[in-house]
Amino acid sequence: LRRWPGEADALLAGTDLTVATVSHAPHMTAAQQLQVLRNAAQLSGRPDWALDFGRQLNIHSHGPLGFAALSAPTLGEGLDVLAQFSRIRSPYVNVESLRTDQHLVLKFDTGLYPLEPHELSLVEILLQVAASFADAVLGGSAVDTSLWISQPPPPHAALYTQYFRARVEFNAAFSGILLPASLK
């Protein structure tokens, strides 16, 4: 709404929400959030809209959740916080924190709600938040970070280098961020 104040009606179309109710509502349903994302995609007219929007939703924009993750004693524990409480912010995605011998992993399971054709947009936003968390904790020095996307490369894949410093791999086993286990 702040980004497109003159487009509030179009952004909230199909949600039963108004600017006034959004300002005073304690929460929005998952269906309402997803409809706003669909509307934003149409309003933007850009294939990379979610990458651009996700950049604005960095870890600092998530209030107590972002503060809790950033305050965790280690990077891995911060990922655990994000996984444990992310459904508060995005109830249509399961987030799991894993550790392997090589990686700390934050994995996004988008199978809870029918998201097509906007699943990739949601993953792009989530990857922006996860990457901003890693950058904030590591001071922008996350080496050997990989962003995995389970879908094939979209037509705008060449633009990813403008939005991410990490390596992006498409057609991956799942969508998420992988950080070297040595960073703990």
Side-chain angles (χ1 to χ4, degrees), residues 1-15 17 22 27-63 65-66 69 79 82-83 85-96 105-136 142 145-179:
L1 289 171
R2 287 185 197 117
R3 185 171 191 180
W4 295 312
E7 302 289 341
D9 290 340
L11 192 60
L12 297 174
T15 65
L17 295 169
V22 168
H27 69 279
M28 291 173 60
T29 68
Q32 288 170 325
Q33 288 182 31
L34 291 171
Q35 185 60 47
V36 169
L37 289 176
R38 288 182 198 98
N39 295 343
Q42 287 181 329
L43 281 171
S44 73
R46 297 174 45 182
D48 65 334
W49 78 270
L51 291 167
D52 187 48
F53 180 64
R55 185 171 28 197
Q56 297 171 29
L57 292 179
N58 62 42
I59 193 65
H60 304 289
S61 67
H62 287 280
L65 173 58
L79 292 174
L82 289 175
F85 297 105
S86 65
R87 296 274 315 265
I88 293 169
R89 300 291 285 175
S90 300
Y92 36 81
V93 176
N94 273 333
V95 178
E96 184 179 3
V105 179
L106 196 62
K107 180 179 176 182
F108 308 130
D109 175 7
T110 57
L112 292 174
Y113 284 82
L115 300 173
E116 286 298 330
H118 301 291
E119 181 177 348
L120 179 61
S121 298
L122 180 61
V123 167
E124 290 172 341
I125 292 168
L126 293 170
L127 287 174
Q128 285 282 27
V129 173
S132 77
F133 168 69
D135 284 346
T145 299
S146 295
L147 304 176
W148 281 15
I149 298 175
S150 62
Q151 292 94 348
H156 63 280
L159 299 175
Y160 276 58
T161 58
Q162 296 175 25
Y163 294 98
F164 297 114
R165 288 185 296 201
R167 182 177 60 253
V168 179
E169 296 182 30
F170 295 98
N171 295 310
F174 59 86
S175 294
I177 185 171
L178 291 83
L179 298 152

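Keep in mind it's a predicted model, so treat the numbers as computed, not measured. The first residue of the sequence shown is numbered 1, and numbering continues consecutively from there.
Counting all heavy atoms, side chain and backbone alike, A50 lies closest to S121 at CB-O, 3.3 Å. L127 approaches G176 most closely through the heavy-atom pair CD2-O, 3.4 Å. Smallest separation of non-hydrogen atoms from P154 and F170: CD-CE2, 3.5 Å. Contact between S175 and Q151 at its shortest, heavy atoms only, is OG-OE1, 4.0 Å. Scanning all heavy atoms of the two residues, the minimum distance from W4 to L43 falls at CE3-CD1, 3.8 Å. Shortest non-hydrogen contact noted between N171 and P152 is OD1-CA, 3.2 Å.
Under the 4.5 Å side-chain criterion, counting only non-hydrogen atoms from C-beta, V95 is not in contact with L126.
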Original post:
Run the side-chain contact (heavy atoms from CB on, under 4.5 Å) check on V129 and L82 step by step: do they pass?
Top reply: CA-CA 10 Å; V129 173; L82 289 175; 5.5 Å; no
**OP:** Report the C-alpha separation of T110 and F174 in whole Å, then their side-chain angles, then the decisive distance to 0.1 Å, and conclude whether the side-chain contact (heavy atoms from CB on, under 4.5 Å) test is met.
**Re:** CA-CA 10 Å; T110 57; F174 59 86; over 6 Å; no
Original post:
Yes or no on side-chain contact (heavy atoms from CB on, under 4.5 Å) for L179 and L79, after CA distance, side-chain angles and deciding distance?
Top reply: CA-CA 10 Å; L179 298 152; L79 292 174; 4.0 Å; yes
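With sequence neighbours excluded, the residues satisfying side chain to side chain contact (heavy atoms under 4.5 Å, CB included) with Q162 are L159. Every ring-ring contact (aromatic ring centres under 6.0 Å, His included) that F164 has, sequence neighbours left out, goes to Y160. Under the side chain to side chain contact (heavy atoms under 4.5 Å, CB included) criterion, N94 pairs with R87, D109, L112, sequence neighbours left out. Not counting sequence neighbours, S90 has no partner by the side chain to side chain donor-acceptor pair (under 3.5 Å) test. Considering only residues two or more places apart in sequence or on other chains, T15 meets the side chain to side chain contact (heavy atoms under 4.5 Å, CB included) condition with L12, L17, Q32, Q35, V36. Considering only residues two or more places apart in sequence or on other chains, S146 meets the side chain to side chain contact (heavy atoms under 4.5 Å, CB included) condition with W148, R167, E169, L178. Checked against salt bridge (charged side-chain N to carboxylate O under 4.0 Å, His left out), D48 has the following partners two or more places apart in sequence or in another chain: R46. Scanning for ring-ring contact (aromatic ring centres under 6.0 Å, His included) contacts around H118 gives an empty result, with sequence neighbours left out.
If you take CG on L106 and CD on E96, they are separated by 9.5 Å, rounding to the nearest 0.5 Å. Rounding to the nearest 0.5 Å places OG of S44 at 11.5 Å from CD of E7. Summarising the geometry, atom CD1 belonging to I177 is positioned 11.0 Å from atom CD1 belonging to I149; distances are rounded to the nearest 0.5 Å. Separation of atoms OH (Y92) and CG (L122) is listed at 5.5 Å; rounding is to 0.5 Å. One distance of note links CD of Q128 with OH of Y163; it measures 8.5 Å at 0.5 Å rounding.
Pairs passing the salt bridge (Lys or Arg N to Asp or Glu O under 4.0 Å) check and including a residue from residues 119-128, sequence neighbours excluded, do not occur.
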